[in-house]
Novice: 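I'd like to ask you about the structure that follows.
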Amino acid sequence: MTAPHTFALVDCNNFYVSCERLFRPDLRQRPVIVLSNNDGCVVSRSAEAKALGIGMAVPAYQIRHIIERENVVVFSSNYTLYADISSRVMATLESFADAMEIYSIDEAFLDFSSMGAGARGEAFARHIQQTVARHTGIQVSIGIAPTKTLAKLANLAAKKYPATGGVVDLRDPERQHKLLKLVAASDVWNVGRRTSRKLEVTGIETAWQLACADPVQMRKRFSITVSRAVHELNGVSCYELTDVRATRRQVLCSRSFGSPVTNLESLELAVSEYASRAAEKLREEGLLAGVVSVFVRTNQHNSHVPQYSNSATGELLHPTADTRHILERSLALLRAIWKDRYQYVKAGVWLAELQPQASYQHGLFEDAEARSRSQSLMAALDHINRRGEHIWFAAKGAGMDRHMRREHVSPASTTRWADIPKAQAK
DNA sequence: TCTGGGGTCCTAGGACCC
DNA sequence: TCTGGGGTCCTAGGACCC
């Protein structure tokens, strides 16, 4: 018999808001929110903002009255800052377990399985909490359990009930049952809005009822995902720790426009930008792409406007990370799906069939010399762009970012010299 | 007027093969 | 005229996550 798993899910509290507050301690008791790109939706809220009834993912314009009446502090998202703080948090967490999976910018699963019983309980979790806070200023919540799904729920409880001090150890079955009866089925990991509505029809409303369901029946009536959720709620682990970076399947770069775009030239400009950025991401991770897709769409939220949405996919001649090849193919694909007389609000570029550059065997008819020249050119390009003196290929222009709304952005406090706060000398 | 961006996994159905 | 069955692979789209 194999030893039972122990997973810890560590999740940063109100992550983006917490990052902003690091440099604005004056905002500690104030309601603060962070908006998505284009200042579109709410993506992070302080406890005070949640208390005002501001929901997650709510469009900003719908809560304008609350913002004004309650004097809510609003930030545009500053991903450079958040990524930087995130990597500091993750570096700290890494030292506490043999294996770790970075699940998102503000969450990581730690594997406590191989650690001694004493070194994986509540006291150890509090030690992790304190260390992260001391190193980064960020508060985290920690849920401990025998499956990832239960660890997620433990984390939810740690956030929901202040008396826990942000740590819940859910290894004890009695405690599991108690919690499952308190939370809704829709709070379970991988049970989204769609599935929870269907579950309700069959009389399943709480996590406990879901846990009591027959996994074989759930597999038949719903999906393998729901059946796994049932197993995991019963302490049977279906999801192992995975190395996300090593298995990455796609690279996507897309953006909504600040205002609708009607002419091909503007779309070409946007797609060029996204293709360039996607190619850069490929190179950052040492990958090559075999396939590229381009998509465009009109505003699906506005029913008064003619709707059009389309995508096109094409193979690259050889697997490549060369901006020029990806750009050329992307623009050809865009022209194939572009139609006149529509108001476009979004476009994007996908790269797929990725493989590590290191293991790539080039084809018989491929020009090895050209490939080596391409790599040198791309390396030079990346070097210059990292210095902040952006250069680009002719098609790219000065970029669509000019059109993006970003009215409340904070300074790049930790990544740009000029923006680093200065200590006052007395 | 104003509704994000970047991912993964699963499924159904079609093409194709023997 | 009658017109199988089983398998694999691929793709588009859906559901979900943060």
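Quick note on labels: first sequence line is chain A, next is B, and so on, each numbered from 1.
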Novice: Nearest to the side chain of A/C41 - B/dC9, C/dA15, B/dG4?
Specialist: B/dG4
Novice: C/dA15 phosphate, OP1 or OP2: any side-chain N/O from A/K198 under 4.0 angstrom?
Specialist: no
Novice: Given atom CH2 of A/W350 and atom C1' of C/dT11, what is their separation to the nearest angstrom?
Specialist: 14 Å
Novice: Could you check whether A/Q300 gets within reach of a base, just the sugar-phosphate, or nothing at all, counting any heavy atom under 4.0 Å?
Specialist: nothing
Novice: Just N and O in the side chain of A/S254: are any of them under 4.0 Å from OP1 or OP2 of B/dG6?
Specialist: yes
Novice: Kindly say if A/K281 contacts the phosphate of B/dG7, meaning a side-chain N or O under 4.0 Å from OP1 or OP2.
Specialist: yes
Novice: Quick one: does A/M100's side chain get under 4.5 Å of A/L93's, heavy atoms only?
Specialist: yes
Novice: Check this one for me: any side-chain N or O of A/R248 less than 4.0 Å away from OP1 or OP2 of B/dG6?
Specialist: no
Novice: Would you confirm whether the ring centroid of A/W189 sits within less than 6.0 angstrom of the ring centroid of A/F7?
Specialist: no
Novice: Counting side-chain heavy atoms from C-beta on, which of B/dC10, B/dC2, B/dG6 comes nearest to A/R228?
Specialist: B/dC10
Novice: Within this structure, what is the CZ-CG distance for the pair A/R249 and A/L354, rounded to the nearest 0.5 Å?
Specialist: 9.0 Å
Novice: Rounded to whole angstroms, how far apart are NZ on A/K148 and P on B/dT8?
Specialist: 14 Å
Novice: Rounded to the nearest Å, what distance is computed from the CG atom of residue A/L252 to the C1' atom of nucleotide B/dG4?
Specialist: 11 Å
Novice: May I have the distance from A/I105 (atom CD1) to B/dG7 (atom P), rounded to whole angstrom?
Specialist: 12 Å
Novice: Would you indicate which nucleotide in C/dC18, B/dG4, B/dC9 comes nearest to any side-chain atom of A/W189?
Specialist: C/dC18
Novice: Check whether any side-chain N or O of A/T225 sits under 4.0 Å from OP1 or OP2 of C/dA15, and answer yes or no.
Specialist: no
Novice: Can you tell me, in whole Å, how much space there is between the P of B/dT3 and that of C/dC18?
Specialist: 24 Å
Novice: Which nucleotide in the set B/dG7, C/dC16, B/dG5 lies at the smallest distance from any side-chain heavy atom of A/T195?
Specialist: C/dC16
Novice: Looking at A/Q250, I'd like to know whether one of its side-chain N or O atoms comes within less than 4.0 Å of OP1 or OP2 on B/dT8.
Specialist: yes
Novice: When all nucleic acid strands are considered with a 4.0 Å heavy-atom cut-off, which category describes A/V188: base, sugar-phosphate, or nothing?
Specialist: sugar-phosphate
Novice: Would you indicate what A/D106 reaches in the nucleic acid, counting non-hydrogen atoms under 4.0 angstrom: base, sugar-phosphate, or nothing?
Specialist: sugar-phosphate
Novice: Using a heavy-atom cut-off of under 4.0 Å over every strand shown, decide if A/V191 touches base, sugar-phosphate, or nothing.
Specialist: sugar-phosphate
Novice: Among side-chain atoms of A/Y342 and A/D340, is any donor-acceptor pair under 3.5 angstrom?
Specialist: no
Novice: Starting at atom CD of A/E107, determine the distance to atom P of C/dC16, rounded to an integer number of angstrom.
Specialist: 18 Å
Novice: Quick one: CZ on A/F15 to CG on A/N13, what's the gap to the nearest 0.5 Å?
Specialist: 11.0 Å
Novice: Consider the side chain of A/H301, meaning its heavy atoms from C-beta on, and name the nucleotide among B/dG5, C/dA15, B/dT3 that approaches it most closely.
Specialist: B/dT3
Novice: To the nearest 0.5 Å, how far apart are CD in A/Q357 and CG in A/L282?
Specialist: 9.5 Å
Novice: Where the side chain of A/R64 is concerned, which of B/dT3, C/dC16, B/dC2 is the nearest nucleotide?
Specialist: B/dC2
Novice: Side chain of A/Y79 only, please: which of C/dC16, B/dG4, B/dG6 is the nearest?
Specialist: B/dG4
Novice: Could you report the tightest heavy-atom contact between A/F96 and A/T92, atom names first, then the distance?
Specialist: CD1-O, 3.4 Å
Novice: If you look at every strand shown and take non-hydrogen atoms under 4.0 Å, does A/T313 touch a base, only sugar-phosphate, or nothing?
Specialist: nothing
Novice: Does B/dT11 have its OP1 or OP2 closer than 4.0 Å to a side-chain nitrogen or oxygen of A/R219?
Specialist: yes
Novice: So, A/Y16 versus A/F75, ring centres under 6.0 angstrom or not?
Specialist: no
Novice: Roughly how many Å is it from CG in A/N190 to C1' in C/dA15, rounded to a whole number?
Specialist: 9 Å
Novice: Within the pair A/K346 and B/dT3, is there a side-chain N or O less than 4.0 Å away from OP1 or OP2?
Specialist: no
Novice: OP1 or OP2 of B/dG7 versus the side-chain N and O atoms of A/S104: is any pair under 4.0 Å?
Specialist: no
Novice: Measure CE/A/M56 against P/C/dC17 and give the value in whole Å, please.
Specialist: 13 Å
Novice: Of all the nucleotides listed (B/dG4, B/dG6, C/dC17), which has the minimum atom distance to the side chain of A/R255?
Specialist: B/dG6
Novice: B/dC9 pairs with which nucleotide, Watson-Crick or G-U wobble, both distances below 3.5 Å?
Specialist: C/dG14
Novice: Expressed in angstrom and rounded to an integer, what is the separation of A/R193 atom CZ from C/dC17 atom P?
Specialist: 11 Å
Novice: Under 4.0 Å between a side-chain N/O of A/R249 and OP1 or OP2 of B/dT8, yes or no?
Specialist: no
Novice: Which of the following nucleotides, C/dC18, B/dG6, B/dC10, is nearest to the side chain of A/I224?
Specialist: B/dC10
